[in-house]
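The next block holds one structure in the form of structure tokens; read it before the comments.
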There are 2 protein chains.
Amino acid sequence: MTGPDTALDRTLELAVLVNEDMDRALATDGLTRSRAHVLFELHHRGPVPQRTLSTALQVSARNITGLVDALVATGFVTREPHPTDRRVVLVTPTEHGARTAATLAAGRHQLASALFDGMPANRVATYTEVLDEVLARFRELTAATAR
Amino acid sequence: MTGPDTALDRTLELAVLVNEDMDRALATDGLTRSRAHVLFELHHRGPVPQRTLSTALQVSARNITGLVDALVATGFVTREPHPTDRRVVLVTPTEHGARTAATLAAGRHQLASALFDGMPANRVATYTEVLDEVLARFRELTAATAR
DNA sequence: TATTGTTATACTCTATAACTATA
DNA sequence: TATAGTTATAGAGTATAACAATA
């Protein structure tokens, strides 16, 4: 009953469940997954131009305009002027936005602990090593295909 | 550098990459992920009422109407009358729809092989076992939370 | 009355193209 | 001319509510 198909299926199943759970948690904070991605990017980079976000998240500039509109409307970020380039807007987390990002990151950390803590360390190590090998294979495959 | 956070992050990363890759493959066949889910459900169940699909996929009846509209328009399924209940429409794969579903399933099988074949069997077994344990823990967590 | 599916309406994410302001 | 961001427009997925046809 074990084998490659099972291994892949279970991996994707876990990801689906974790993502659904994260979506529910985000919703209670008034966020969506896309908006949370923006907020996390700011959490790691600090205030940045919208252009930087559209490049980092690989979405259109238009899309970032909409996501930032929504985050401004719900109080997670503000648009600040760039000190020298008047074309640029610096998307800046509010106090609330920064706190929320930190809380969500902590929640993810807690989830990781709940899922993996207490297992034999060598088994978790094997798990991660297999995953790294699979990721490397996957990247090789798509690099070859995408050419 | 290893630990619960890394294990969870890598898992989600692989899922994101695989899903992006599947989306690209689906797009070349004229499908989206949601529409492919419907098609797969039909692949496994055969012709079913739309109600069955909305229950199985956990989406609204309205949403199924839209997805089936799109699949009909692109030639993957037809709507057939139910033999005895005139309220019901039986969503039925076309020849093209059935072939496409089979091809996609084969592609996923090939991907699983490419990612896991040739690894020591006991490592893949450990990988799957850890995943099963994590899935069990996750379900327990959410069962407790959702009450 | 209850169920199946559709129509009406709305929100979110996404994209491309045209445009404005600035560099 | 090139870049940053917005407006205009469109398509996909999703939801709830009201409704028609049928059971």
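Keep in mind that the numbers below use all heavy atoms, side chains included, and drop hydrogens, waters and symmetry copies.
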What I want to find out is whether A/D5 reaches B/R108 closely enough, with some N-O distance under 4.0 Å, to be called a salt bridge. no

Taking CG from B/L90 and C1' from C/dG5, how many angstroms apart are they, rounded to a whole number? 13 Å

About how many Å separate CG of A/D29 and CZ of A/R99, when rounded to the nearest 0.5 Å? 10.5 Å

For a quick check of understanding: with a heavy-atom distance under 4.0 Å over all strands, which category does B/T55 fall into, base, sugar-phosphate or nothing? nothing

Round to the nearest Å and state the distance from B/E80 atom CD to C/dG5 atom P. 14 Å

In whole angstroms, the gap separating C1' of C/dG5 from CZ of B/R79 amounts to 9 Å

For A/V89, which residues count as a side chain to side chain contact (heavy atoms under 4.5 Å, CB included) partner, sequence neighbours excluded? A/Q50, A/R79

Within the pair A/T65 and D/dT6, is there a side-chain N or O less than 4.0 Å away from OP1 or OP2? yes

Gap between atoms CZ and P, on A/R86 and D/dT6 respectively (whole Å): 16 Å

Can you tell me the distance, in whole Å, between the CG atom of B/D69 and the C1' atom of D/dG11? 14 Å

No-H, no-angle donor-acceptor pair, A/R87 side chain to D/dT3 base, under 3.5 Å: yes

Per-nucleotide protein contact along nucleotides 11-19 of chain C, 5' to 3', at a 4.0 Å heavy-atom cut-off (B base, S sugar-phosphate only, - neither), is -SSBBB---

Minimum heavy-atom separation for B/F116 and A/L8, please, with both atom names. CE1-N, 4.0 Å

Do A/Y127 and A/L135 share a hydrophobic cluster (ILVMFWY, side-chain heavy atoms under 4.5 Å, transitive)? yes

B/L53 CG to C/dT4 C1': how many Å, rounded? 13 Å

Salt-bridge contact B/R139-A/E13 (side-chain N to carboxylate O under 4.0 Å): yes

How close or far is atom P of D/dA12 from atom CG of B/L71, stated in whole angstroms? 12 Å

Which part of the nucleic acid, if any, lies within contact of A/T84, taking any heavy atom under 4.0 Å across all strands shown: a base, the sugar-phosphate backbone alone, or nothing? sugar-phosphate

Is there a donor-acceptor pair under 3.5 Å between the side chain of B/T92 and the backbone N or O of B/E80? no

Please report, rounded to the nearest Å, how far the C1' atom of D/dT22 is from the CZ atom of B/R51. 14 Å

